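Everything numeric here is computed off the predicted structure, so don't read it as measured data. Scope of the values below: all heavy atoms of this structure, side chains included, with no hydrogens, waters or symmetry mates. In what follows, chains carry the letters A, B, and so on, assigned in the order in which the sequence lines appear, proteins first and then strands, with residues in each chain numbered from 1.
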Amino acid sequence: MLLDGKTLSKISDKELAAFRRQNLGFVFQNFNLLDNFTLRDNIFLPLVLAGMQYDEMEKRLIPLAKVLGIHDLLGKFPYEVSGGQKQRAAIARAIITEPKLLLADEPTGALDSKSTDSLLDVFGKLNEGGQTIVMVTHSVKAASHAGRVLFIKDGVIFHQIYRGEATNKEMYQRISDSLTRMLSQNPQGGEQDA
Amino acid sequence: MRKFFYGRLAADNLKKNRQTYLPYLISCSVTGAMLYTICSLSKNEGLKNMSRGAENTTEVLKFGTIIAMFFAAIFLFYTNSFLMKHRRKEFGLYQLLGMEKRHLARVLFAETVYTAGITMGCGFLLGILLDKLMYLLLLRVTGLISDAKVPFGFEINVFAMLTVAAFFGIVFILILLNAVRIVHFTKPISMLNEANAGEREPKTKVIMAILGVLLVGAGYVMSLCATDTSLILKFMLPAVLCVIVGTYFLFIAGSIALLKLLKKNKSYYYKTRHFTSISGMIYRMKQNAVGLSSICILSTMVLVMISSTSCMVFGAKEMMKELYPREIQSCGMVTEDENRLAFIDKINRHLETFGLHAENPLTYEQVRAGAVFSDGNFNECDYGNPHQRELSRTLTVICNSRYQEITGNAVSLEPDEILLSSTEPLPTLRRQTSLFGVKFKIKELIDPVYGFNNTFPGYVAVVSDLDALKRLEVDEHRYIHYYYLFDIPAEHELEIFGDQDTRYGNSDLLQNLDVMMLNMRNEDYTFYMSVYGAFFFIALFLGLLFTVQMVLMIYYKQISEGHDDRQRYIIMQNVGMSRAEIRQSIRSQILTVFFLPLVTAAIHTAFCIPIIRTVLYEMELSNSRLIYLILGCTFIAFSILYAVIYAVTAKIYYRIVSANSTAA
């Protein structure tokens with residue numbers, strides 16, 4: 001595997017950490033917010049690690065918090081807000097560094113349906129704004145918001161779907177069908193559908 | 001069958017929680033062993049039948065037993081409440097699975113029975129092994145070893161066993177009741193959730209923080225002001241209480257107030273190095289403040305106890321040399337100057353009958369009598385008047401030559417001039433004064449003279465020579481004491497003069513020699529060591545007991561922090577901190593938390609020095625270099641021990657933290 005032209009195994013832990021910080025943003029199923037930080041400080045964490053000035057951090061946070069609808073909650077601690085709000089704070093933390101790539105690992109897994117909808121809306125807005133998002137999910141609904149869906153079964157790419165001009169509803173149907181087919185087939189019988 | 005079930009479950013629980021229970025059992029057993037040992041020593045038959053001095057040792061040991069039990073009870077209770085806190089989730093699960101609270105109580109009862117059984121079994125076994133070792137150590141530090149017969153083999157002291165068993169019985173019943181109380185008053189759901197709920201940010205308790213600063217400050221000021229016995233007796237207990245309570249307040253509220261203040265300073269707080277540390281420290285302090293302040297207090301106690309008592313023991317020889325310039329100090333029962341030579345002659349002839357003669361003879365004179373200071377004069381005390389008796393102090397009058405010998409200060413005095421020292425302020429004192437009606441001019445006010453008025457409140461006057469001293473001599477209440485001091489080989493002392501009981505008891509020897517008082521340096525040294533050696537032993541003993549408890553507290557602190565930090569460690573790695581950065585941040589926090597109590601204990605001990613010095617000075621130990629040396633050595637030794645404890649427990653901590661922490 002290559003990372004910016006370098007073999008992964010040859011990059012030091014420190015460089016890897018810096019790379020993650022500068023180029024990648026992560027969103028997790030269980031939010032991974034630090035309990036002892038307010039939402040604001042949780043979001044600032046990667047910037048502080050990058051050595052940014054406080055004023056600069058504030059400048060970045062305010063518009064972002066408004067987009068995510070958490071600007072009233074910044075002084076609160078993770079245990080004081082709902083799961084959806086926690087996840088939005090986690091997204092803010094992931095994209096405040098303006099990463100090239102946002103990686104989301106089952107971001108809707110711990111959310112109720114209402115929070116899931118609002119999270120997917122946020123992802124949609126970010127994506128429209130030019131943010132690349134890679135999301136791993138079991139949720140058909142979450143996947144139906146994507147521009148491109150890859151089906152992975154036991155570590156092998158089984159199938160993929162491009163959105164084209166399809167609506168979310170049509171995407172949902174196509175993903176659903178593909179899943180049914182994938183689950184009813186044996187692992188070797190992979191097929192491509194463009 | 002059902003009984004069997006609860007027992008099995010209890011045994012399983014102990015096994016499952018062995019990471020926390022094993023250290024608890026070990027520390028309980030060691031505590032049990034130590035309590036058994038000290039209790040058995042205080043009832044030791046060999047010690048009881050030993051010569052004089054040993055009964056002092058026994059008394060001190062009895063006192064030590066009570067203190068040790070008191071602290072042991074607190075520790076056991078404290079560590080158990082820690083264990084219970086970490087098991088709430090488990091209890092919640094049992095209740096969810098359908099166990100009723102009374103069933104849980106039965107499990108807890110079985111657990112307590114096992115714990116008590118193991119503790120007492122191992123404790124007594126270890127205690128019986130330790131007993132002999134401690135006995136030898138005690139004989140060694142008290143100097144009683146020379147006339148002790150130490151039988152071979154191990155003995156079992158039934159009394160000590162019953163006492164310790166009763167002690168543990170009561171403590172464990174209380175612990176069980178507390179555990180049942182915790183289970184009874186908590187809902188199963190809240191028990192399950194408790195561990196998962198986010199730790200709330202502690203509130204800033206400004207008043208408590210300020211109180212903490214004030215209390216510790218007050219304690220320090222009191223210690224610095226306590227320059228003599230009466231003040232120490234007044235200030236010692238309040239000062240100690242102030243510092244203890246103040247330390248708890250400072251650790252609990254002061255630390256958090258300070259950290260929050262730092263957090264408010266945005267340009268300081270939002271820096272890579274400070275960001276995670278400050279917020280991490282706030283939570284660490286919230287969880288550990290009580291434990292840390294306990295560790296701090298314990299460390300201070302160990303340091304102060306061991307250093308002050310070892311000063312007493314290691315300074316004893318030198319102190320005795322200063323107090324008794326010669327091996328034998330005798331004071332003649334003579335009122336006439338002519339008889340003085342006769343009294344010395346009688347002693348010398350008595351020595352000759354044993355084929356010995358007095359070496360390095362030294363003679364001096366002094367007048368010592370009760371005096372009442374009023375209106376600038378020192379008057380004779382009328383003992384029939386209770387008011388006068390109350391005001392009466394000992395006035396010692398010595399000659400200038402003797403003063404020079406003691407202090408090394410050469411001052412020339414005219415026949416009508418004196419030097420004066422007093423342990424209390426004398427507001428109406430003028431240049432002209434009189435001692436028992438004889439007029440003198442005060443040439444200089446001097447510091448309390450060592451060996452005369454540092455122990456009891458009183459006055460010392462220095463006159464020019466024997467002729468001046470003779471002017472004070474009046475009646476049968478007040479006459480010149482003639483002292484005759486000399487050396488003889490120590491092994492012949494008892495043979496020649498008998499021990500203290502025979503000398504002052506039924507023997508006519510002193511009467512025949514015209515001797516009113518005869519002290520032997522060696523004899524007093526033995527007597528002194530039998531008391532202060534025992535104090536030293538108790539200090540070592542309690543020091544060991546406290547250290548065992550401290551190790552356990554530190555161990556638990558590391559374990560609970562390790563579990564808390566693991567999740568944090570994973571998240572920080574996910575957000576883009578390198579492993580090295582995380583380790584550095586965590587290490588600096590752990591080091592701060594770990595060494596904060598030690599540093600605070602060092603500061604407390606430093607402020608204790610005035611009290612220690614004054615107390616030791618009262619006990620005639622005036623060598624401050626020795627005091628500082630011993631304090632320094634004790635502190636270094638303790639710090640090394642502390643660092644070793646750190647190194648060992650930090651390993652456990654890192655093992656917990658780095659388990660499964662390689663995510664993302």
Side-chain angles (χ1 to χ4, degrees), chain A residues 11-58 61 75-81 86 89-90 92-97 99 103-105 136, chain B residues 193-203 256 259-260 263-287 561 563-586 589 658 661-664:
Chain A
I11 304 174
S12 71
D13 179 56
K14 204 175 162 182
E15 280 176 293
L16 269 181
F19 181 84
R20 269 204 294 268
R21 214 153 55 206
Q22 286 154 16
N23 300 303
L24 304 178
F26 290 93
V27 178
F28 307 89
Q29 176 175 3
N30 54 359
F31 325 124
N32 272 349
L33 294 175
L34 290 165
D35 268 342
N36 54 358
F37 280 134
T38 55
L39 295 189
R40 170 185 276 109
D41 289 351
N42 263 299
I43 298 169
F44 280 163
L45 182 60
L47 298 183
V48 173
L49 293 179
M52 193 178 274
Q53 288 300 313
Y54 177 72
D55 300 337
E56 177 75 13
M57 299 195 285
E58 241 343 270
L61 175 64
K76 293 219 183 307
F77 284 89
Y79 55 84
E80 294 172 314
V81 302
K86 271 190 231 181
R93 180 181 64 188
I95 60 177
I96 198 163
T97 54
L103 296 169
D105 180 3
V136 180
Chain B
N193 289 340
E194 203 152 331
N196 298 333
E199 187 80 37
R200 287 185 182 258
E201 184 176 64
K203 290 201 184 74
I256 285 168
L259 288 166
K260 285 222 172 162
K263 198 173 165 181
K264 278 214 181 102
N265 181 353
K266 294 213 155 59
S267 56
Y268 178 85
Y269 175 54
Y270 290 106
K271 287 274 177 305
T272 317
R273 281 187 51 207
H274 308 143
F275 192 54
T276 46
S277 309
I278 290 178
S279 56
M281 281 300 290
I282 289 181
Y283 285 83
R284 264 172 233 278
M285 287 315 296
K286 185 194 171 190
Q287 283 168 346
E561 287 206 332
H563 285 298
D564 290 345
D565 286 349
R566 195 165 87 190
Q567 193 55 32
R568 225 167 275 156
Y569 192 89
I570 296 169
I571 294 174
M572 285 197 276
Q573 223 173 340
N574 288 340
V575 177
M577 245 174 137
S578 71
R579 246 172 266 176
E581 278 173 320
I582 296 170
R583 191 156 297 172
Q584 207 217 330
S585 157
I586 287 188
Q589 291 178 50
S658 55
S661 70
T662 39

Inset, instruction - Output the distance between atom CD (A:E58) and atom OH (B:Y270), rounded to the nearest 0.5 Å. - result: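 Answer for the CD-OH pair, A:E58 versus B:Y270, is 7.5 Å.
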Inset, instruction - Count the heavy-atom pairs under 4.5 Å between each of A:D55, A:L34, A:L45, A:D41 and chain B, then report the option with the highest count. - result: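 Most heavy-atom pairs within the cutoff with chain B belong to A:D41.
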Legend entry - From CA spacing to verdict: side chain to side chain contact (heavy atoms under 4.5 Å, CB included), A:N36, B:K286: CA-CA 11 Å; A:N36 54 358; B:K286 185 194 171 190; over 6 Å; no
Inset, instruction - Under 4.5 Å heavy-atom distance to chain B, tell me which part of A:P78 shows up: side chain, backbone, both or neither. - result: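 Neither part, no heavy atoms under 4.5 Å.
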Inset, instruction - Taking all heavy atoms of B:I571 and all of A:N32, pick out the closest pair and write down the distance. - result: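 Closest pair (atom of B:I571, atom of A:N32, distance): CG2-O, 2.9 Å.
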Legend entry - Validation row: B:Y283, A:D35 side chains within 4.5 angstrom (heavy atoms):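 Not in contact.
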Inset, instruction - Give, as side chain, backbone, both or neither, the part of A:N42 having an atom under 4.5 angstrom from any heavy atom of chain B. - result: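 For A:N42, neither part sits under 4.5 Å from chain B.
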Can you give the donor-acceptor pairs under 3.5 Å from side chains of residues 274-281 of chain B to other protein atoms, not counting sequence neighbours?
from, atom 1, to, atom 2, distance (Å)
B:H274, ND1, B:Y268, O, 2.9
B:T276, OG1, B:S585, OG, 3.4
B:S277, OG, B:R273, O, 2.9
B:S279, OG, B:F275, O, 3.1
B:S279, OG, B:T276, O, 3.4

Legend entry - Reported NZ-to-OH distance for the pair B:K271 and A:Y54, which is rounded to 0.5 angstrom: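 Going from NZ on B:K271 over to OH on A:Y54, the span is 12.0 Å.
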Legend entry - Per-residue contact mode, A:L33 against chain B (heavy atom under 4.5 angstrom):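 Answer is backbone: N, CA, C or O of A:L33 sit under 4.5 Å from chain B.
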Inset, instruction - Please assess B:Y269 against A:V48 for the test side chain to side chain contact (heavy atoms under 4.5 Å, CB included), listing each intermediate value before the final yes or no. - result: CA-CA 9 Å; B:Y269 175 54; A:V48 173; over 6 Å; no
Inset, instruction - Side chain from CB out, backbone as N, CA, C, O: work out which of these in A:M52 comes under 4.5 Å of a heavy atom of chain B, or both, or neither. - result: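 Backbone only.
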Inset, instruction - Decide if atom NZ of A:K76 counts as having more than 12 heavy atoms of other residues, nucleotides or ligands within a radius under 6.0 Å. - result: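 Not more than 12 within 6.0 Å, no.
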